[in-house]
Amino acid sequence: MTTTMKGMEKCASPAQMQQPPQMQSNISELSLPFAEAVPNLAHINQVTKASASVTVDAPTPKLTVYTPIAYRAMSWKNGLGVTEEIYIHPPNRDFRKDEFMWRISLSTVNDSCSFSVFPGYDIAMMMLPPLDGTDKFGERPLTPAVLHHNDQETPMPFKPLCPYSYPGELPTTCKVKGQPMSHVTFIANRSKCQVTVSLEKICPHGLSDDGICDDNSEQFEKPRLHDNTFLNTSNEGAPTAVPTTKILLSAFTIVYVVAGAIRATLNGSPNAITATAGSTVVCERHEDSPPTDFAMVPVTTTKDGVFVGTGGFTAHQDATVLIIQVHLKPKIERNDSLVSSYPGSVRASTAHVHSTQSVRPSRGRAGSIIIYDDQPLRVLPKEFESQLSLDPNVGPVSSGSPLAGATANSSTSSSASSSLGMKYWESARHYRPPVFSARYQNESEVPPPVVRDCLKIEEFPEGKISTAWINMVKQGLSEWLRIPVIVARGVNPGPVVGITAAVHGNELNGVPCIHRVITDIDVHKLSGTVVAVPCVNVAGYLRFTREFSDGKDLNRLFPGQESGTASQVYAYNLMKKIINQFNYLIDMHTASFGRVNSYYVRSDLNDPVAAAMAKLQQPQIILHNSGQDGTLRSAAAAMGIKAITVEIGNPQLFQNQYVQWSYLGVMRILAYFNMFPASDILDLSMAEDEDVAKPGLISSETTHLHYGPPNTLICSKGFWIYTKTGGVLEVYPGVNTVIRKGDLIARIKNIFGNIVDEIYCPSHGITIGRSSNPVAMAGDRVLHLGVIKKENEVLAKEAKENY
């Protein structure tokens, strides 16, 4: 939205600029002698009494004038002001809850206040001259009001006759100095239209380029009446006033008359409308129609007319108008389904689809607390379904059932009680104890650890599982800070697969995943070596934090430095003493504090081996990321180690379903490299949970285990959306949710519950991760969006993310 001023450098005097007393609402308030002397004017008087607006009937364009009597007054609930809605487009919309294109209103502010916030809209305001005829600008402060945006201390001066615009997302306060003020407000939907605002002076002689009256003749115009006729005066043959003509190309042109009065015509039509101070002229036209000539001529008055208020009778009486031009933006078609937009992607219908209605979200204070399940829930066993159902159509519960008593009692209760009972039982989760078998002993049979200065795989015996502490760096007590390592060496030669977890100290789902892998590996069937590091960042792990002991993010500093900060030295020693032993690396992470993740994998999909490892994990999402970002995966890849990063849900807790999926993914990778029999993976999964080992879940090909997320979406890129302001953050889409461009994804409220910002999705994609921390600073993360790969799309050689 742009604002300009034209013809106002040398404006009329304050007395000429002020509006008529009490902002006369129509011509019916003219004095009787003047109305009788001019019959045509009396006719206009009658028409205005009958209707609050005058419309020229024309197919296109359409010209309408709205007088103040037609404005819809709305008093503020806090008593600090009154707003009069002049017009809203489309008509009959409620600006507080409905989406609209533009709205013009007139507000009177009695005292300092806060303005409403309109996310997605631009706002233009202009303070009007004083309404009281005795009040002069010199008697008021140079700046009658100041605005403060976004709680900033720097004031923005708000002066009369100076258009001012700002984004509607900014929380804005207005401090009024002294007397009440009135201002015109124009609000435009940023996504649908582009607006230009200008303040201009209309002079009967025209204006030169520098805004000075262009009256270079000795003659001057007779006073013109509203019907374009002259009053009888002693001057004969007075010249006609020079109209101010605009060539309209916009869909809407709104003219608010600040002072004086104008007569307006379209394309030289004899049908003219007259608008007095405080009235608004709206011209609506189709943007594809030919350019429209819009002419304005100031209307002069006499001493005896009610329009006195510009200083008395004069042959040189100007009008001041605020001109707003609205250009429509081209419409962007949106597909009904994201599947058609991405023909090459895997069926997106398996992911939850989050969409918003076209109706503008409510700006009320109603709460919007949403409960999410951040991991899948186990399906209730069928044997419980009939017992838990209180539907009368379901067969009777046996007397031996633990629910028999509850059912008997429910039969005598009201229908409401039955409904409550049913909801209670269906929502309850039933505890299932873990399977205690030989697995419990196997988990305890790993040998005690040995201490080594570095990892040398050949020092550990074949056909056994060994544990060790590897000395990394000296800590503050001059003692070694050690890393735990588990080494499983098979009886047959083969590659070395490394599995790391807790590079960030509070990302723990990889720990039980490693435990399950090591527990289920039979070293007598293993070819090669599996080296597991269940806790890389020991310092952060003990402090329940993401960062290393010096507060640095360890996974942004690899490969580290031999001489540097504590975290750089630690990263360097990890690469030198452990990682360099690997042929393949699976680095396990989760979301960090205040965020939740889907089950997804980062991988350089241009590398066929890394791409295969990612797909074998069978995650919900695979994100193409080439590395070069200081992560452990990128440093390993630079050493020739094929590596992927597996993101397993949420921080500082164990999520069994995600752990199970990642465990099976690791086992599939081992089978892919011919390190472990695929048939054993099938047997282990069936022993883990007999309820899910059913026909249809396992394919006939034993080399691929289809137990996990039903489908995988591949994303060609991903990026984080950040907050622009701080407050109470509400993020609406869940993880693994397909989102369309323009969908509302988050809101930010201040601590009092007022919405200060709304965040919309910038492009189509899927939610990889999202914030779960309601307390947000400006610049905090909101949502991790993955851009779904299109068919035949060429992946970038260097693909990074805005961590």
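Note that the structure is predicted; figures quoted are calculated from it, not measured. As a basis for the values below, the full set of heavy atoms in this structure was taken, side chains included, without hydrogen atoms, waters or symmetry mates.
The shortest side-chain heavy-atom distance between L653 and L508 does not fall under the 4.5 Å cut-off. Here the side chains of D122 and V195 are not in contact, with every heavy-atom distance at 4.5 Å or above. Two residues are said to be in side-chain contact when any heavy atoms from C-beta on lie closer than 4.5 Å; Y166 and M156 fail this criterion. Proximity of V666 to I499: side-chain heavy atoms (C-beta onward) are separated by under 4.5 Å at one or more points. Taking the side chain as every heavy atom from C-beta outward, R516 and Q660 approach each other to under 4.5 Å. A 4.5 Å side-chain heavy-atom check between Q620 and Y600 finds every atom pair outside the cut-off. Between E647 and V601 there is no side-chain heavy-atom pair separated by less than 4.5 Å.
Annotation: Y541, atom OH; neighbour count of heavy atoms from other residues, nucleotides and ligands within 6.0 Å does not exceed 12. Summarising the local packing, CE of M777 is surrounded by 12 or fewer heavy atoms from other residues, nucleotides or ligands at distances under 6.0 Å. A 6.0 Å sphere centred on CD of E793 holds more than 12 heavy atoms belonging to other residues, nucleotides or ligands. Taking a 6.0 Å sphere around NZ of K800, one finds it holds more than 12 heavy atoms contributed by other residues, nucleotides or ligands.
A donor-acceptor contact shorter than 3.5 Å links the side chain of H764 to the backbone of K741. Under the 3.5 Å distance criterion, the side-chain polar atoms of N606 are matched with a main-chain donor or acceptor of A796. With T723 contributing its side chain and G726 its backbone, the two residues share no donor-acceptor pair below 3.5 Å. Formation of a donor-acceptor pair under 3.5 Å by the E169 side chain with backbone atoms of G120 is found in this model. One N or O on the side chain of N650 and one on the backbone of N597 form a donor-acceptor pair closer than 3.5 Å. Formation of a donor-acceptor pair under 3.5 Å by the D98 side chain with backbone atoms of D94 is found in this model. For the pair T172 (side chain) and L170 (backbone), a donor-acceptor distance under 3.5 Å is present. Judged by distance alone, with hydrogens and angles left aside, the side-chain atoms of D550 form a donor-acceptor pair with the main-chain N or O of S567 at under 3.5 Å. Distance alone, capped at 3.5 Å, places no donor-acceptor pair between the D743 side chain and the I745 backbone. R103 places no side-chain N or O within donor-acceptor distance of the main-chain N or O of F95, the cut-off being under 3.5 Å.
Atom CZ of R595 and atom OG of S772 lie 9.0 Å apart (nearest 0.5 Å).
Q617 and Y599 share a donor-acceptor pair across their side chains, judged by distance under 3.5 Å alone. Side chains of S716 and H624: no donor on one and acceptor on the other come within 3.5 Å. In the model, N773 has no side-chain atom that pairs as donor or acceptor with a side-chain atom of S771 under 3.5 Å. Using modelled atom types, one finds a donor on one side chain and an acceptor on the other under 3.5 Å when comparing T500 with D587.
Across G753 and K749, no two heavy atoms sit closer than the pair O-CD, 3.6 Å. In plain terms, the two heavy atoms of A571 and G560 that are nearest each other are CB-CA, 4.0 Å. Closest of all the heavy-atom pairs between G505 and N537 is N-ND2, 3.7 Å. Nearest approach of P619 to P709, heavy atoms of both residues: C-CG, 4.0 Å. Closest heavy-atom contact between C174 and L147: CB-CD2, 3.7 Å. Across all their heavy atoms, R190 and G168 have their closest contact at NH2-N, 4.0 Å.
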Start with the C-alpha gap between N573 and V569, add the side-chain angles, then the distance that decides, and say whether side chain to side chain contact (heavy atoms under 4.5 Å, CB included) holds. CA-CA 6 Å; N573 286 332; V569 173; 3.7 Å; yes
Under the criterion side chain to side chain contact (heavy atoms under 4.5 Å, CB included), I'd like the reasoning laid out for I644 against I669: C-alpha separation, chi angles, the key distance, then a yes or no. CA-CA 11 Å; I644 62 172; I669 290 175; 4.2 Å; yes
If you apply the rule side chain to side chain contact (heavy atoms under 4.5 Å, CB included), what do you find for N506 with S592, and how did you get there? CA-CA 7 Å; N506 59 356; S592 189; 4.1 Å; yes
Please determine whether side chain to side chain contact (heavy atoms under 4.5 Å, CB included) holds for the pair H784 and L623, giving the CA-CA distance in whole Å, both sets of side-chain angles, and the decisive distance to 0.1 Å. CA-CA 11 Å; H784 189 189; L623 176 60; 4.1 Å; yes
Would you please test R602 and E801 for salt bridge (Lys or Arg N to Asp or Glu O under 4.0 Å) and show each step? CA-CA 11 Å; R602 282 193 182 94; E801 298 172 67; 2.6 Å; yes
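Taking the six-membered ring wherever Trp is involved, the centroid distance between the rings of F593 and F544 does not fall below 6.0 Å.
Ring planes of Y570 and F548: tilted class, angle from 30 to 60°. Ring geometry for F118 against F100 counts as perpendicular: the plane angle is over 60°, on a 0 to 90° scale with 30° as the lower cut.
Among the candidates T645, D604, N555, the single residue satisfying the side chain to side chain donor-acceptor pair (under 3.5 Å) test with R633 is T645. Only one option out of P762, S763, C761 pairs with I739 in a side chain to side chain contact (heavy atoms under 4.5 Å, CB included); it is C761.
We find that K192 and E99 are joined by a salt bridge, their nearest charged nitrogen and carboxylate oxygen being less than 4.0 Å apart.
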